[in-house]
Amino acid sequence: MSKYRKKIIAGNWKMNKSVREAQDLTDGIIRELAGYRETDIVLCPPFTSLKVVGDLLVDTYIKLGAQNMHWEPSGAYTGEVSPNMLRDLFCHYVILGHSERRAYFNETDKIVNTKVKAAISTHLVPIMCVGETKAERESGQAKDIVRRQIEEGLRDVEGDLKTMIVAYEPVWAIGTGLTATPDIAQEMHAHIREILAKTKGEATAQSIRIQYGGSVKPENAAELFKQPDIDGGLIGGASLEARAFAKIVEAAV
Ligand code: 13P
């Protein structure tokens, strides 16, 4: 069974851009992609720029996303931001379980699972990130690691998962210039869809969009996005420049 899945390109700005720079970048992206409707487009600035970027995106086709969140709606969690606060700023999407959060902030599969549940119950679309490290790939464990991340991340998640996004981001490809070849990426994406089919049913697996992330650039985007199970990209470095980001979006038809 195969089903049409609209491609989705998201820019993960990570910890980059002042408020002013975020406005300029957003203006540039809006200009570059004015009237473009062929793919879904999401910008994920740091928390400090969500409001200004969101204001600029009103009346455009581009949606707003956050890079992380806490799972509780409010409370004594100094320094954290809740799902409700993100909704309040008109975020549609939230990146969860990015490998940088897992590596530097001790986010476990259990935490990611709790956040996915909180996102869905707050009507935020989770972009749940999975991916193996270089050592895990070299020791032949890549598929098992990704299976565990998917199974645990989505354990007991209720409700309609068809609109959620999974992002496959091999850690060895992030910010390194080492992109996974289209074949390597496709193989893992097909594996992910198989796990989703087994755990959540075929119809859900065919609807969930699986993004690839890791050194996607205008030069390699089209080949990656041509693969049958690659439904778009989660873009780091190349999303910080309007023209480069627009070219990647345009490569995803
Ligand atoms: P780069 O595109 O900079 O490799 O980053 C990928 C990423 O981590 C997106 O979430």
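In listed order, ligands and their atoms are each counted from 1. Keep in mind it's a predicted model, so treat the numbers as computed, not measured. When reading the values below, keep in mind they use all heavy atoms of this one structure, side chains included, and skip hydrogens, waters and symmetry mates.
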Could you tell me, atom by atom, which parts of ligand 1 come under 4.0 Å of a heavy atom of [X]?
X      : value
Gly237 : 1 (P), 2 (O), 3 (O)
Gly214 : 4 (O), 6 (C)
Asn12  : 9 (C), 10 (O)
Ala173 : 4 (O)

Quick one: look at Ile174 and ligand 1, take heavy-atom pairs under 4.0 Å, and tell me if it's side chain, backbone, both or neither.
both
How does Ala167 reach ligand 1, by side chain, by backbone, by both or by neither, if only non-hydrogen atoms under 4.0 Å count?
neither
Looking at [X] and [Y], what are the two nearest heavy atoms and their distance?
X      : Y      : answer
Gly131 : Gln149 : N-OE1, 2.8 Å
Ile127 : Ala167 : CG2-CB, 4.0 Å
Pro46  : Lys17  : CG-O, 4.3 Å

Atom 2 (O) of ligand 1 has as its nearest protein heavy atom Gly236 N, 2.9 Å
Protein residue, atom and distance nearest to atom 9 (C) of ligand 1, heavy-atom basis:
Glu169 OE2, 2.9 Å
For Lys51, I'd like to know if atom NZ has over 12 heavy atoms of other residues, nucleotides or ligands within 6.0 Å.
no
Please examine the side chains of Ile230 and Ile210, heavy atoms only from C-beta on, and report whether any two atoms are closer than 4.5 Å.
no
Given side chains that start at C-beta, do those of Glu32 and Lys247 come closer than 4.5 Å, heavy atoms only?
no
Close approach of Ala238 to ligand 1, heavy atoms, under 4.0 angstrom
no
Got an N/O contact under 3.5 Å between Lys217 and ligand 1?
no
Does the N or O separation between Lys14 and ligand 1 drop below 3.5 Å for any pair?
yes
Under a plain distance cut-off of 3.5 Å, with no hydrogens placed, do Thr26 and Gln23 share a side-chain donor-acceptor pair?
no
Please tell me whether Tyr212 and Asp231 have a donor and an acceptor in their side chains that are separated by less than 3.5 angstrom.
no
Which residue from Ala10, Ser239, Gly175 reaches closest to atom 4 (O) of ligand 1 through any of its heavy atoms?
Gly175
